[in-house]
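Structure first, then comments.
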2 protein chains.
Amino acid sequence: MKVSRERAAENRERVLDVASRLFREKGIDGIGVANLMKEAGLTHGGFYGSFASKAALAAEACERAGEQSVRRWRRIIDGARERGEDPYVALVKAYLCVAHRDNPGRGCMFTTLAAEAPRQEPELREALNANLHGLLELLVEVAPGADTAAREARAQITLSTMVGALMLARTMPDAAQSENLLATARASLIAEHGGEVR
Amino acid sequence: MKVSRERAAENRERVLDVASRLFREKGIDGIGVANLMKEAGLTHGGFYGSFASKAALAAEACERAGEQSVRRWRRIIDGARERGEDPYVALVKAYLCVAHRDNPGRGCMFTTLAAEAPRQEPELREALNANLHGLLELLVEVAPGADTAAREARAQITLSTMVGALMLARTMPDAAQSENLLATARASLIAEHGGEVR
DNA sequence: ATTATCTATAGATCTATAGATAATGC
DNA sequence: ATTATCTATAGATCTATAGATAATGC
């Protein structure tokens, strides 16, 4: 049951897309090649025609997830500017929301894969590091602060707070408490806007 | 080769201690019962005399890690007060340091196990939630803020920032950048002390 | 006699590969 | 003829259990 070259390329893309979601949802050790391929509508053995190994797929899936993440942040920034809104506030609101908390498979890699990254291949760790610098760069562009140094510091702190708050919000079984934590972090980061706390 | 009842209890404790370290270092799926027992100086089969299952061990190891973490924070707070230092500042400095970054096996569970907790048994998730509330309680006690509500908010934000910053610091392969991020987060949280930013 | 621990193994799962199959693309 | 995908399987590893062993503790 061979398919056209074009269809084969589509299949490879679909495997990558499924992998980037399932690795975030279940962890890299939490999903096997066979089940991953089944989810993409293909069989186990076909995998090794498109990828050298599971580790190579994981690294490529993380690269892709990181690039998508940066593009998404870019769109949020541009969209906010077009509407005359503050892009920093828009980013914080988009990150610290219930939909992001409840969809780890499509969300920020740091909250789902950073803890296991040190045990993975260098290529995967590099993908995470590239994503980290990509997001920090965008944050420096929009973060409040008098000079570049202040904005760089603000970017690091904001990303740290957002990553931590999302993870803690996912830890809380009580929905009201979880939403309260998200709201508190959101309010605090947005209050920093303009460089002073009211 | 049977051992005394007392020695058997010691052995069980050692397995728990090894597990609480190795699970944090390698993830719960990252270390098997056989290797874990070998690390504790026992054989694979002996495990099931002390624990009902690997999942039961994981939950108990997390409970223990959480309790140790809370006791450690308590000691830092009490020690700082005895020396006339600010306990909030002492906690932030102890958490956001290079030694903690480089020793995930003995450090905060949220940075190592929170991402895989949703896929584990309810008992383990409950252990993480209990730890979260235990640490927040201590932070509310020492955090800056005019009233209880302000201190509760400050506690949630500080813990979020610390957890996120430690994870991002572990992601950076460049040691100088990583230490810079830790220092920035530390300075920012400590600057909040007293309730205002200078 | 009881029981903590050991050896050995069943059964499941996982990554990767070998060889077969059948449709594409020259 | 080439090649994308499939079936089948090798070899490793993992959890859990069964039965043996030997020291403890009545």
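These values consider heavy atoms only, across backbone and side chains, with no hydrogens, waters or symmetry-generated copies. Reminder, nothing fancy here: chain letters follow the sequence lines and each chain counts from 1.
Taking the nucleotide of DNA chain C with the nearest heavy atom to each of A:Ala52 and A:Gly30, the more 5' of the two is matched to A:Gly30. Comparing A:Thr43 and B:Arg5 by the nucleotide of DNA chain D whose heavy atom lies nearest to each, the residue mapping closer to the 5' end is A:Thr43.
Formation of a donor-acceptor pair under 3.5 Å by the A:Arg151 side chain with backbone atoms of A:Gly145 is found in this model. Between the B:His44 side chain and the B:Lys38 main chain, no donor and acceptor come within less than 3.5 Å of each other.
A salt bridge links A:Arg12 to A:Glu60: one of the charged nitrogens lies within less than 4.0 Å of a carboxylate oxygen. Salt-bridge check for B:Arg81 with B:Glu141: passed, with a basic side-chain N closer than 4.0 Å to an acidic carboxylate O. Salt-bridge annotation for B:Arg119 and A:Asp29: absent, with no side-chain N of the basic residue lying under 4.0 Å from a carboxylate O of the acidic one.
When the side-chain nitrogen and oxygen atoms of B:Asn11 are compared with OP1 and OP2 of C:dA4, none of them lie within a distance under 4.0 Å. Of the side-chain N and O atoms in B:Tyr48, one or more sit less than 4.0 angstrom from OP1 or OP2 of D:dA16.
Side-chain contact check for A:Tyr88 and A:Thr158: at least one donor-acceptor pair (N or O, by modelled atom type) lies under 3.5 Å.
Closest contact between the side chain of A:Leu42 and the listed nucleotides D:dA16, C:dT5, D:dT5 involves D:dT5. Closest contact between the side chain of B:Asn35 and the listed nucleotides C:dC14, D:dC14, C:dT15 involves D:dC14.
Nucleic acid contact class of B:Gly45 (heavy atoms, under 4.0 Å, all strands): base.
Taking atom CZ of B:Phe23 as the reference point, atom C1' of D:dC14 lies 13 Å away to the nearest angstrom. The separation between B:Leu57 atom CG and D:dC14 atom P is 15 Å, rounded to whole Å. For A:Lys38 and D:dT5, the NZ to C1' distance is 17 Å, given to the nearest whole Å. Between B:Glu6 atom CD and D:dA23 atom C1' the separation is 15 Å, expressed in whole Å. At whole-Å resolution of the value, CE in B:Met37 and P in C:dC6 are 7 Å apart. When the C1' atom of D:dT17 is taken as reference, atom NZ of B:Lys54 falls 17 Å away, rounded to whole Å. Note: CD1 (B:Ile31) to P (D:dT15) measures 9 Å, nearest angstrom. As rounded to whole Å, 12 Å separates atom P of D:dT15 from atom CD1 of B:Ile28.
Atom CD of A:Glu85 sits in a crowded spot, with more than 12 heavy atoms from other residues, nucleotides or ligands closer than 6.0 Å.
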Each base of DNA chain D marked ( ) or [ ] if paired in-strand (Watson-Crick or G-U under 3.5 Å), | if paired to another strand and . if unpaired gives ||||||||||||||||||||||||..
